A.B. asks: 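Take a look at the following structure, please.
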Amino acid sequence: MKKASYQSVNDVRLIDAGLRAKRLRAQLAVTYAASTQIIEAMRKLREGIPLPDRHSTAQITCRDVDD
């Protein structure tokens with residue numbers, strides 16, 4: 001006959017804390033991925049905004065836009 005096993009209150013707390021930490025790490029991974037995508041999008045947007053004291057030498061023709 002096997003011995004009955006039991007978990008102490010402290011073990012249960014540690015297991016619960018581990019599960020909560022695992023969920024938080026998963027949320028952090030999703031948040032980190034989303035924030036890096038937002039940062040990259042903002043950088044691309046900033047590259048596309050013309051600065052007032054800079055003059056671009058490249059001209060866009062209507063033909064380039066229509067293609």
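Computed from a prediction, not measured in an experiment: that's the story for all the values here.
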A.B. asks: Check each of D16, N10, L14 against V12 using the side-chain contact (heavy atoms from CB on, under 4.5 Å) test, and report the only one that passes.
C.D. replies: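 For V12, the side-chain contact (heavy atoms from CB on, under 4.5 Å) check succeeds only for D16.
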A.B. asks: Would you compute the distance between atom OG1 of T31 and atom CD1 of I38 and round it to the nearest 0.5 angstrom?
C.D. replies: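 It is 9.5 Å, given to the nearest 0.5 Å.
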A.B. asks: Can you tell me how far CG of L19 sits from NZ of K22, rounded to the nearest 0.5 angstrom?
C.D. replies: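 The NZ atom of K22 sits 7.5 Å away from the CG atom of L19.
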